[in-house]
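Note on naming: letters A, B, ... go to the chains in the order of the sequence lines (proteins, then strands), and numbering restarts at 1 for each one.
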There are 2 protein chains.
Amino acid sequence: MRAPARLGIPLADVDTPALILDLDAFERNLQTMADWAKSKNVRLRPHAKSHKCPAIAHRQMALGAVGVCCQKVSEAEVMVDAGITNVLISNEVVGRTKLEALAQLALRARMGVCVDDIRQIRDLSEAMHAAGATIDVLVEINIGGNRCGVEPGDPAVRLGAAVAQADGLRFAGLQSYDGITQHVRDPDERKARAARAGDVTAQTIAALRDIGLECETVGGAGTGSFAFDGMSGVWNELQPGSYAFMDADYARNTPAGGDVPKFEHAMFVWAIVMSRTSVGQAVVDAGHKVLPIDSGMPVPFDRPGVRYERPSDEHGCLVAELDSALPDLGEKILIVPSHVDPTANQHDFFIGVRGMAEGDGTVQEIWPVTARGCVF
Amino acid sequence: MRAPARLGIPLADVDTPALILDLDAFERNLQTMADWAKSKNVRLRPHAKSHKCPAIAHRQMALGAVGVCCQKVSEAEVMVDAGITNVLISNEVVGRTKLEALAQLALRARMGVCVDDIRQIRDLSEAMHAAGATIDVLVEINIGGNRCGVEPGDPAVRLGAAVAQADGLRFAGLQSYDGITQHVRDPDERKARAARAGDVTAQTIAALRDIGLECETVGGAGTGSFAFDGMSGVWNELQPGSYAFMDADYARNTPAGGDVPKFEHAMFVWAIVMSRTSVGQAVVDAGHKVLPIDSGMPVPFDRPGVRYERPSDEHGCLVAELDSALPDLGEKILIVPSHVDPTANQHDFFIGVRGMAEGDGTVQEIWPVTARGCVF
């Protein structure tokens, strides 16, 4: 797979479509989050499922992250191969092939994983025992997302006790994450929902303590809730991913005030106008295969009055009431993806550009999305 | 990138998520379309954007296809590298880098491309002239999709004349395709819309003839309209892609009666139940990164009463009113993607399985999706 750019060329010469990283904005985002977590005395474990890129994970570690999260064993393999030695799979792992691979990883790195079912604990323990490995285990509780996670309170305590007694497993605490909270638009509602989740999490921590199990780690939080969660005194390890890049969907959240840091758009898809046959419409070469729409429409960057609409596999339509607001045939534009994670997973390279705010910018980094497609 | 399977293993042992090809159904689909096109005396040029896989393109060629369509220059490079010597890029190509690459391809294979703007003709001609190459050019007309394409009639004729006079270009005919028609649910409405498009296409063919330009090729048609288009006497080269695989979105079209062949689901995503904590819900390990939802929800295969809902990046929820209808933790299931093209582009391998209808099936082919990510 060839990259759409070479080091040192101007952004204007980067081929399209390409995944562009504004290095200046990206570095500010990383620093902002690292400083904030330090100031609140909570650990930061950024989610690598958002970028799947070891070069980015290493930059997060260099700023004080304790490790990274992954969502899949094959994703974790890429990170461990690249020298990241502390990985939490913030997800359940089911199936013999995956468990054997996870056990091999646990021989090479400090690994953690989540469980929400007694049968997972049994199979995980067998796999670790067979490999002579040990793994940290978080009991995942359902705090309102109604996806994975055992119910808080007694059901979670029973699983915690089972983990603590299982060969090859080390009870490490709770995984307490709710994806829905992240995208609640109103900041007061978002905060209230996070607070309710904090309450049930705290009750479960206390119930575990009652049987002698201390939660060394209480993990969770995303880019929408991390500030509430990080200041709650309940969570001690935050797992945001999108903050480094900021997508159009997170930008649709109304920001919270107070001591809640803000992040800049740093990830874009670079596209060219390839057809311009209708007044009020310009067709670009970026559709479903580079800009997924599971979280709504992408947004043209810094183009007031221009919307991205009617995407198909390889096309998207830029529309505007004023035709002159639209780029002409052969012009290239930046588009903010609606959702960081599936967008990064569509591309093979981050094209890192320095100096975009000052005008055109220059390609200074080309980072492979090494774990792209690592979905096993 | 490792494959989720090895040759000879049973389907049950294939890791998840994986892109499964039911080889028996797939081969019947290929044969059905090839036979139909032959019986109607129209050429078949299947669209490789649906599969991005040279192994599949070669099987289509072996059954009589005159070549393949691609949507991108980089996709065409993969096909030509793999020995496909006749490729139409059924799309406009804009930008110097892409045009130079296209000219190099035109020195190695019979290449075609579409135009809808006089400026594209000028740039294309310059690139071909510089490389000493010649390329077939179709004028793309807008027959109702309102995406790319010049207006039919005089505007198209003017472009045709410009192509015919341009150095390095060979006027080859018209590209006349409407993506919207493909997904009109009612077969009578679908047929009527295709017929209207046929009328304007025929008028443009006649107007070109009036100035001495014959359309050797009138290309277009997809899996939803190919039978109407192929029997119209207007189109002589059909470009369907999804027919080989059939997705859940095309299955939502009401089939036409009469002499219109039907196709079977042959492409699936194989997923495992990784969490089972709520009654009436089973969480599988297949979300946005393997099952795009741009064309609606994927559909669990052969699981009456079970729906796929609330996907996130790495999860999907199977729900049913009757809990016993759901697979249990650790069970694997087949899911029919909602949209073939962006789904194939998410995966690195087709896992070809023989004997699925008889039970479990055996992995007999592992084909790389070589042009996955070739979006330039």
Side-chain angles (χ1 to χ4, degrees), chain A residues 1-2 4 13 15-18 49 71-72 74 91-95 97-98 116-117 119-120 123 142 146-151 179 272-278 281 283 285 288-290 292-294 310-315 317 329-330 332 339 341-342 345-348 372-376, chain B residues 1-2 4 13 15-18 49 71-72 74 91-95 97-98 116-117 119-120 123 142 146-151 179 272-278 281 283 285 288-290 292-294 310-315 317 329-330 332 339 341-342 345-348 372-376:
Chain A
M1 179 60 58
R2 63 176 160 92
D13 289 351
D15 201 3
T16 60
K49 83 186 184 77
Q71 206 72 324
K72 298 287 185 145
S74 57
N91 202 4
E92 287 69 27
V93 173
V94 172
T97 310
K98 295 180 205 299
D116 68 2
D117 193 297
R119 292 169 289 180
Q120 294 158 359
D123 293 347
N142 175 20
N146 296 327
R147 192 177 66 185
C148 301
V150 68
E151 288 305 300
I272 196 168
V273 176
M274 47 168 290
S275 178
R276 191 71 162 83
T277 60
S278 304
Q281 176 173 294
V283 182
D285 64 343
H288 299 318
K289 290 179 184 171
V290 294
I293 57 167
D294 56 84
R310 297 174 49 232
S312 45
D313 290 339
E314 289 89 1
H315 303 89
C317 296
L329 188 74
K332 295 176 180 176
H339 190 178
D341 305 41
N345 189 52
Q346 298 263 39
H347 294 263
D348 290 276
R372 186 218 55 75
C374 290
V375 293
F376 314 127
Chain B
M1 178 61 58
R2 65 176 159 93
D13 288 350
D15 201 1
T16 61
K49 82 185 183 78
Q71 206 72 324
K72 298 286 184 145
S74 57
N91 202 3
E92 288 68 28
V93 173
V94 173
T97 310
K98 295 180 205 301
D116 67 2
D117 193 297
R119 294 168 288 180
Q120 294 158 359
D123 293 349
N142 174 19
N146 296 325
R147 193 177 64 185
C148 300
V150 70
E151 288 305 299
I272 195 168
V273 177
M274 48 168 291
S275 178
R276 193 71 163 82
T277 59
S278 304
Q281 175 173 293
V283 182
D285 63 344
H288 298 319
K289 290 179 184 171
V290 294
I293 57 166
D294 57 82
R310 300 202 297 115
S312 45
D313 291 340
E314 290 89 1
H315 302 90
C317 296
L329 187 74
K332 295 176 180 177
H339 190 179
D341 305 42
N345 189 52
Q346 297 262 39
H347 293 263
D348 290 276
R372 184 218 55 75
C374 289
V375 293
F376 315 128

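- In this structure, chain B has heavy atoms under 4.5 Å from both the backbone and the side chain of A/N146.
- Contacts of B/H339 with chain A are made by side-chain atoms alone, with heavy-atom separations under 4.5 Å and no backbone atom involved.
- By number of non-hydrogen pairs under 4.5 angstrom with chain B, the leading residue of A/D313, A/D123, A/V283 is A/D313.
- For the atom pair CG (B/D15) and OG (A/S74), the distance works out to 8.0 Å, reported to the nearest 0.5 Å.
- Of the residues considered (B/D117, B/V93, B/T277), B/T277 shows the highest number of contacts with chain A, using heavy-atom pairs under 4.5 Å.
- Here the side chain of A/Q120 pairs a donor or acceptor atom with the backbone of B/M274 at under 3.5 angstrom.
- Ranked by heavy-atom pairs under 4.5 Å with chain A, the first of B/S278, B/P4, B/S312 is B/P4.
- Contact annotation for A/P292: neither backbone nor side-chain heavy atoms come within less than 4.5 Å of a heavy atom of chain B.
- Residues B/K289 and A/D341 come closest through the heavy atom pair CE-O, 3.7 Å.
- Using a 3.5 Å distance cut-off with no hydrogens or angles, the side chains of A/H315 and B/N91 do pair a donor with an acceptor.
- When heavy atoms are compared at a cutoff of 4.5 Å, A/V290 approaches chain B solely by way of its side chain, counted from C-beta outward.
- The contact between B/V273 and chain A is made entirely by backbone atoms, counting heavy-atom distances below 4.5 Å.
- Looking at B/R372, both its backbone and its side chain come within 4.5 Å of chain A, counting heavy atoms on both sides.
- Contact between B/D348 and A/G373 at its shortest, heavy atoms only, is OD2-CA, 4.1 Å.
- Both the backbone and the side chain of B/D116 come within less than 4.5 Å of a heavy atom of chain A.
- Among B/I272, B/D13, B/V150, B/N142, the residue making the largest number of heavy-atom pairs under 4.5 Å with chain A is B/I272.
- With a 4.5 angstrom heavy-atom cutoff, B/K72 touches chain A only via side-chain atoms.
- Residue contact with chain B, scored on non-hydrogen atoms closer than 4.5 Å, involves the side chain of A/Q281 exclusively.
- Between chain B and the residues A/R276, A/E92, A/K98, the most heavy-atom pairs under 4.5 angstrom are made by A/K98.
- Within the 4.5 angstrom heavy-atom criterion, only side-chain atoms of B/T97, from C-beta onward, approach chain A.
- For B/P17, the parts lying near chain A are the backbone and the side chain together; criterion is any non-hydrogen pair under 4.5 Å.
- Ranked by non-hydrogen atom pairs under 4.5 Å with chain A, the options B/G95, B/P311, B/G149 are led by B/G149.
- Looking only at heavy-atom pairs under 4.5 Å with chain B, the residue among A/E151, A/Q346, A/R2, A/K332 that has the most is A/R2.
- Using a 4.5 Å cut-off between heavy atoms, B/D285 contacts chain A through both its backbone and its side chain.
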